[in-house]
Amino acid sequence: MKDIEQYGLLRDDEWAFFPWLTSPRPPFDIWVKPEDIAPFFFIQHHPFALSLLLRIGDSFKMDIFNKLGVEGSSKDWEILTKGIIKEWEENNSGMDMFHFDSDEDIFCVFSQYIDDLMLLAKMLRAACNDEKSMRNYLDIGFKENE
């Protein structure tokens, strides 16, 4: 297991640099309240990116994952998240905005598109409040992985 700050962290030369942003990139503000996305949480990688994480050992929504026929592992969280992203990409521009850096203990999705990742965090948390949505996004995510 990595140190928690290492999830979603790339070397400086691995980040894409956006021509429309000033150099150095200005600091960003996290406008999503921690209680609105809990038990998910953010790790900041100034000035480059933001990671959204979940500790798998917390067993968050494990009962629903099991009911839907999956384990609730970090890979299952990735599939669920890819389903949300797929639906979002059909309504918005931007491919490959989000990347994953999960292992057996931690689910991690990260991006340099800070505001988009915060919106994704809220969408993911909202989906977790609705079993039907979770099932739908898992189905979409499984199709994407085929």
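Along the sequence shown, the residues carry numbers beginning at 1. Keep in mind it's a predicted model, so treat the numbers as computed, not measured. In what follows, every heavy atom counts, from backbone to side chain, and hydrogens, waters and symmetry copies are set aside.
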Say you draw a straight line from [atom1] of [X] to [atom2] of [Y]; how long is it, rounded to the nearest 0.5 Å?
X: Asp105; Y: Ser73; atom1: CG; atom2: OG; result: 11.5 Å
X: Gln6; Y: Ile43; atom1: CD; atom2: CD1; result: 11.0 Å
X: Met123; Y: Glu87; atom1: CE; atom2: CD; result: 6.5 Å
X: Leu117; Y: His99; atom1: CG; atom2: NE2; result: 10.5 Å
X: Met134; Y: Asn129; atom1: CE; atom2: CG; result: 9.5 Å
X: Leu138; Y: Thr81; atom1: CG; atom2: OG1; result: 9.0 Å

Evaluate the side-chain proximity of [Y] to [X]: yes if any heavy-atom separation is below 4.5 Å, no if none is.
X: Trp77; Y: Val109; answer: no
X: Leu124; Y: Leu52; answer: yes
X: Phe28; Y: Asp115; answer: no
X: Val70; Y: Phe142; answer: yes
X: Leu80; Y: Phe107; answer: no

Mind listing the closest non-hydrogen atom pair of [X] and [Y] along with its distance?
X: Ile4; Y: Leu53; result: CD1-CD2, 3.9 Å
X: Asp29; Y: Met118; result: O-CE, 3.4 Å
X: His45; Y: Ser51; result: NE2-OG, 2.9 Å
X: Arg125; Y: Ile37; result: CD-O, 3.6 Å
X: Gly8; Y: Asp101; result: N-OD2, 2.8 Å
X: Leu50; Y: Ile114; result: N-CD1, 3.7 Å

Can you get from Phe98 to Ile140 by hopping between Ile, Leu, Val, Met, Phe, Trp and Tyr side chains that sit under 4.5 Å apart? yes
If Ile, Leu, Val, Met, Phe, Trp and Tyr residues are connected whenever their side-chain heavy atoms lie under 4.5 Å apart, and connections chain through other members, are Met62 and Tyr137 in the same group? no
Donor-acceptor check, side chain of Asn136 to backbone of Ser133, threshold 3.5 angstrom: yes or no? no
Contacts of type salt bridge (charged side-chain N to carboxylate O under 4.0 Å, His left out), residue Asp116, not counting sequence neighbours: none
[X], [atom1] atom: more than 12 neighbouring heavy atoms under 6.0 Å:
X: Lys67; atom1: NZ; value: no
X: Glu131; atom1: CD; value: yes
X: Glu71; atom1: CD; value: no

Under the side-chain contact (heavy atoms from CB on, under 4.5 Å) criterion, do Phe60 and Arg55 qualify, and how do the steps go? CA-CA 8 Å; Phe60 180 63; Arg55 287 184 174 89; over 6 Å; no
